[in-house]
Amino acid sequence: MAGKSPLLSWLFGSKPEEAPREEPAAAQPRVESSPPPKQEADPFRLALAPDHAVNQLSRLWREQTGGYSPPHFRFEGPEGEDVLPASQAKQELARLLLAVNATANQRWKKIHPKGKTAPQEGAEPPPSPNLDAQAVAFVSSDRLTAWVFAYPPVGGGRELDRNMLSKALEEKQVKYGLNKDLLDALPDQPDRYFHLYLIAQGKAAVLGKDGQIVDLFKRSPERKLAVDEYNRVDYASISFIQNVNEGDIICRIIAPTLGEDGKTVLGQELPARSGKAVTVPKGRNTAVAEDGAALVATKTGHVEFNGRTFQVKPVLEIDGDVDYSTGHINFLGDVHVHGDICTGFTVRAMGNITVDGVVEAAMVEAGGDLIMVKGAQGDNRAVLRASHSIYAKYLENCCVYAMEDLYSDCIINCDVYCDGLVEARSGRGTIIGGSIRAAHEVSAEVLGSRSECHTAVALGGLPCQEFDHEVLVREIAGLEEELEKTELQPESPIKFTRIGKLRMQLSMNKNKLAQFGKDLEDLRKNQGESGVRRLTCSVAYPGASVAIGPASYCFQQETRPVNASLVEDEICII
């Protein structure tokens, strides 16, 4: 009986006759080598076990034709480039494995059905199966890519052709973005079998970009003191004014972009969302440019961001001193005084106040920050107030109110009320005489003096608010006393006019006091007693004292260093 064909040998399990082996050459000396480095798995390629149905079909095709086309199921483009992101490729490989398992196992069962036994000796072998080539289409889960692979024919089956590919794509309803050149050329490719080809690509939807605001001015200027190598602060360089001229651009407005609709390989439309327009931070003295691409200043002044919008505040420039040549100043924007503020004059501003010279026995009140490049010599008559912070080279014989923080090189014989931090660390860093009332912390190099000058520090509460409350109470008491004296005067038209004005002013102040008391109580509740209350200094001299809440402590001797805080209703000095 003639020898069996390779196909029948594979089907019925008998091994084909092996070719005689050649005698090995003389043994060569063994060269020790390190094992090859372990290669990482390709995240875009489908790995198949050696006994997988696809590998069995590949071996069968090799025995039938003598050629060999190793399975290559990898998500790649025509030039071998990666088409899918690595994260998506991992998910798609799992789906592809299911499709390959189903089609390969089904085809293998047709070739090698269960129950088939080897023919008895002398009997004719069963006829070999004839199976045409089979094309399989695979569509990604996002329906933006379609792939195709094919199994070779078996026996006398037909080779892969264009109709088989088209039919496989029609079964998956793939009709958009087809690579028709590849469809025509694939049947003649030498590696057309067991190879995954990108056959169609859809168009992903492109979401529109939201509009953006690109600021050219800072929304929150930094409030940090730069100290040089000699522990000095250049107060002349501290300025939070951001000058702008009329017509200058404050911020650029980037318009939103329209979305681009996409389309799947199945021909389905993918609608895209367009970007949202941004809210323009348009405030006072600003306007949107004609082309809508910028926010510009309509006046020359100082740019400020109030939390929602940009606004331009006009800056009042005083080239010289504030004296009889200028008179009192009451301005709605920022004020910059290049000279001194002389005795007896008042400067009020809704914004920041910057003084390049010296503040004498004057009243200065800022709705923002107060910056004194040289300092203040108040002659016990100067009153300095700021709704934000105060920065000064030195403060001497002044009454100072800071709703936020106070920074100075030297504070001498001043009454200070601060709802934040009082710091005198740069320069001389001394606090001598007077009283310092701060809500949270007082920090200095030197507290008091060798002459035992009385210097009092009180921590806690809301010093500015509480002092304003006390002033209002004293003012009401003075009005009541004046009203009583006026009522005892003889009857006259001037008396009735005076009494009417006093009663009206007294009623207004009482209403103001009632509302002020409620607000102060709410602030106290919100503040609580959990905040930092601490005194720190390098040296404290006798005559200095510190009070934190109900506890107090007087320094009887020179103490270095000092870190005082409240511990269980007692002041602890570390």
>> Could you go through Y394 and V358, starting from their C-alpha distance and side-chain angles, then the distance that decides it, and tell me whether this counts as side chain to side chain contact (heavy atoms under 4.5 Å, CB included)?
In response: CA-CA 10 Å; Y394 65 88; V358 176; 4.0 Å; yes
> Taking the inter-plane angle between the rings of Y401 and Y417 on a 0 to 90° scale, is it parallel (under 30°), tilted (30 to 60°) or perpendicular (over 60°)?
Replying inline: parallel
> Under 30°, 30 to 60°, or over 60°: which ring-plane class applies to H328 and F345, parallel, tilted or perpendicular?
Replying inline: tilted
> Can we say E92 and R95 salt-bridge, meaning some charged N sits less than 4.0 Å from an Asp/Glu carboxylate O?
Replying inline: yes
> Should the pair R428-D409 be classified as a salt bridge under the 4.0 Å nitrogen-to-oxygen rule?
Replying inline: no
Is there side-chain contact between [X] and [Y], with heavy atoms separated by less than 4.5 Å?
| X | Y | value |
| --- | --- | --- |
| C410 | E396 | no |
| N397 | I412 | no |
| V473 | L513 | yes |
| M403 | Q465 | yes |
| T298 | V312 | no |
| C342 | Y324 | no |
| M372 | L384 | yes |
| V322 | E360 | no |

Going from [atom1] on [X] to [atom2] on [Y], what distance comes out if it is rounded to the nearest 0.5 angstrom?
| X | Y | atom1 | atom2 | answer |
| --- | --- | --- | --- | --- |
| K510 | E480 | NZ | CD | 4.5 Å |
| E491 | Q489 | CD | CD | 10.0 Å |
| L370 | H388 | CG | NE2 | 12.5 Å |
| N413 | I431 | CG | CD1 | 12.0 Å |
| N511 | L506 | CG | CG | 9.5 Å |
| K393 | S426 | NZ | OG | 6.5 Å |

Any side-chain donor paired with an acceptor under 3.5 Å for [X] and [Y]?
| X | Y | result |
| --- | --- | --- |
| D142 | Q88 | yes |
| R437 | S435 | yes |
| T536 | N563 | no |

>> Do R450 and Y541 form a cation-pi contact, if we require the NZ or CZ to be under 6.0 Å from the six-membered ring centre and within 45 degrees of the ring's axis?
In response: no
> Just by distance, do the side chain of D323 and the backbone of S325 share a donor-acceptor pair under 3.5 Å?
Replying inline: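 Flag set: sc D323 to bb S325 pair under 3.5 Å.
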Would you indicate whether [X], at its atom [atom1], is surrounded by more than 12 heavy atoms from other residues, nucleotides or ligands within a distance under 6.0 Å?
| X | atom1 | answer |
| --- | --- | --- |
| I573 | CD1 | yes |
| R252 | CZ | no |
| R308 | CZ | no |
| E81 | CD | yes |
| R425 | CZ | yes |
| K501 | NZ | no |

For [X] versus [Y], what's the shortest heavy-atom pair and its separation?
| X | Y | value |
| --- | --- | --- |
| V335 | F331 | CG2-CB, 3.7 Å |
| K203 | D261 | CE-O, 3.7 Å |
| A272 | A205 | CB-CB, 3.9 Å |
| L566 | R533 | CD2-NH2, 3.6 Å |
| G259 | S274 | N-OG, 3.3 Å |
| L406 | C418 | N-SG, 4.0 Å |

>> Would you say the ring centers of Y391 and Y407 fall short of 6.0 Å from each other?
In response: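 Distance test on ring centres: under 6.0 Å, yes.
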> Between E423 and S443, does a side chain to side chain donor-acceptor pair (under 3.5 Å) hold up when you go through it step by step?
Replying inline: CA-CA 5 Å; E423 183 175 291; S443 178; 4.9 Å; no
>> Checking side chain to side chain donor-acceptor pair (under 3.5 Å) between H338 and each of D356, D321, T354, D319, which is the one that passes?
In response: D356
>> I need the single residue from R219, K218, K313 that forms a side chain to side chain donor-acceptor pair (under 3.5 Å) with E304. Which is it?
In response: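 Only one option passes, and that is K313.
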> Hey, mind stepping through L270 and L144 against side chain to side chain contact (heavy atoms under 4.5 Å, CB included) and telling me if it holds?
Replying inline: CA-CA 10 Å; L270 295 175; L144 289 177; 3.8 Å; yes
>> For a side chain to side chain contact (heavy atoms under 4.5 Å, CB included) check, start with the C-alpha distance between M363 and R385, then their side-chain angles and the critical distance, and finish with the verdict.
In response: CA-CA 8 Å; M363 176 175 286; R385 300 181 67 102; over 6 Å; no
>> Set out, in order, the CA-CA distance, both residues' side-chain angles and the distance that settles side chain to side chain contact (heavy atoms under 4.5 Å, CB included) for L535 and L447, then state yes or no.
In response: CA-CA 10 Å; L535 167 66; L447 181 65; 3.8 Å; yes
